[in-house]
Amino acid sequence: SQTIHQWPATLVQPVGSPLSLECTVEGTSNPNLYWYRQAAGRGLQLLFYSVGIGQISSEVPQNLSASRPQDRQFILSSKKLLLSDSGFYLCAWSLTGGPYEQYFGPGTRLTVT
Amino acid sequence: GEDVEQSLFLSVREGDSSVINCTYTDSSSTYLYWYKQEPGAGLQLLTYIFSNMDMKQDQRLTVLLNKKDKHLSLRIADTQTGDSAIYFCAGGYTGGFKTIFGAGTRLFVKA
């Protein structure tokens with residue numbers, strides 16, 4: 001069966017510090033991968049998606065970046081965090097064929113102080 | 001652009017039925033989904049419906065789709081306290097790259 005892991009589960013970082021969140025998927029090959037941010041009490045904002053190794057599409061301009069160095073590994077990074085980067089970050093995967101339902105990781109709670 | 005709207009809160013008594021409503025703007029949505037999020041956790045897919053269907057039933061869950069009005073609903077029969085969570089409506093498209101999520105409806109179940 002497929003599983004998705006995210007770490008760390010929680011993170012408190014000062015403004016201006018770097019960020020690296022990691023997501024890995026097991027039990028499937030060549031998945032579509034996604035990074036979302038969920039602000040408190042709000043819906044999901046798609047940040048990045050990837051259809052293959054090294055292929056990253058950005059949905060919103062920001063100081064975050066994403067990379068996919070391996071088929072089942074997706075990394076979210078920042079060189080300098082802003083207060084507005086605080087939120088709940090969710091990684092998800094889907095198959096490349098319909099119905100494209102997404103499977104989410106447990107999330108990372110990021111607080112920028 | 002695409003938009004999915006939901007009411008923010010719903011409160012029901014244990015044992016009653018819950019109906020969570022959703023409207024979407026893009027009629028080209030191929031798939032419509034319902035996800036559940038428990039506190040501090042990721043989203044869990046509950047069910048989905050193809051845009052050419054009117055209804056789908058899965059145990060206590062019934063999804064109704066009115067394409068003319070672009071209205072989707074999720075009915076939970078015999079609601080239990082364990083059903084308390086945030087429920088997200090989402091619209092997906094062929095290719096699957098962009099799934100548009102609503103803001104979520106927080107369901108409170110009173111014992």
Side-chain angles (χ1 to χ4, degrees), chain A residues 2-11 21 23 25 28 30-52 55-60 66 74 87-111, chain B residues 1-9 20 22-25 28-53 56 58 61 63 65 72 85-108:
Chain A
Q2 301 91 353
T3 55
I4 178 168
H5 304 279
Q6 275 187 255
W7 65 91
T10 59
L11 192 59
L21 303 181
C23 170
V25 180
T28 188
N30 194 32
N32 291 339
L33 295 172
Y34 310 83
W35 277 112
Y36 290 89
R37 177 169 57 206
Q38 184 179 23
R42 301 186 67 180
L44 274 65
Q45 179 186 32
L46 178 63
L47 301 175
F48 301 94
Y49 66 87
S50 171
V51 301
Q55 300 178 65
I56 309 294
S57 296
S58 173
E59 285 297 295
V60 292
F74 206 21
F88 192 50
Y89 288 82
L90 290 160
C91 179
W93 71 272
S94 71
L95 294 172
T96 54
Y100 310 106
E101 71 270 28
Q102 295 184 17
Y103 298 92
F104 286 80
T108 295
R109 173 76 58 194
L110 172 66
T111 303
Chain B
E2 309 94 340
D3 194 18
V4 176
E5 294 189 355
Q6 306 176 237
S7 54
L8 294 182
F9 300 99
I20 302 171
C22 168
T23 57
Y24 58 97
T25 58
S28 63
S29 295
T30 309
Y31 309 95
L32 293 144
Y33 313 90
W34 283 103
Y35 288 85
K36 176 183 180 181
Q37 184 182 33
E38 297 187 355
L43 277 68
Q44 173 194 1
L45 178 71
L46 285 178
T47 187
Y48 63 87
I49 188 169
F50 294 104
S51 59
N52 62 358
M53 296 170 64
K56 181 178 181 180
D58 184 1
L61 305 179
V63 178
L65 175 60
L72 183 74
I86 302 175
Y87 291 81
F88 290 90
C89 169
Y93 309 84
T94 301
F97 304 147
K98 286 193 178 186
T99 298
I100 308 300
F101 287 83
T105 298
R106 188 177 292 273
L107 175 65
F108 296 94

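All of these numbers come straight from a predicted model, not from anything done at the bench. Order of the sequence lines fixes the chain letters, A, B, ..., with proteins taken first and strands second; residue numbering starts at 1 for each chain.
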Colleague: Donor-acceptor check, side chain of B/Tyr33 to backbone of A/Gln102, threshold 3.5 angstrom: yes or no?
Modeller: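 No.
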Colleague: With heavy-atom distances below 4.5 Å as the criterion, would you say the side chains of B/Thr99 and A/Tyr36 are in contact?
Modeller: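 Counting from C-beta outward, B/Thr99 and A/Tyr36 do come under 4.5 Å.
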Colleague: Decide yes or no for A/Gln38 and B/Phe101: does some side-chain heavy atom of the first lie under 4.5 Å from some side-chain heavy atom of the second?
Modeller: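 They are not in side-chain contact.
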Colleague: What is the distance from atom CD of A/Glu101 to atom CG of B/Leu46, rounded to the nearest 0.5 Å?
Modeller: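 Answer for the CD-CG pair, A/Glu101 versus B/Leu46, is 12.5 Å.
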Colleague: Please classify the contact between B/Gln44 and chain A as side chain, backbone, both or neither, with a heavy-atom cut-off of under 4.5 Å.
Modeller: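 When you check distances to chain A, no heavy atom of B/Gln44 falls under 4.5 Å.
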Colleague: If you count heavy-atom pairs within less than 4.5 Å of chain A, which of B/Tyr48, B/Tyr35, B/Phe50 leads?
Modeller: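 Result: the option with the highest number of such pairs is B/Tyr35.
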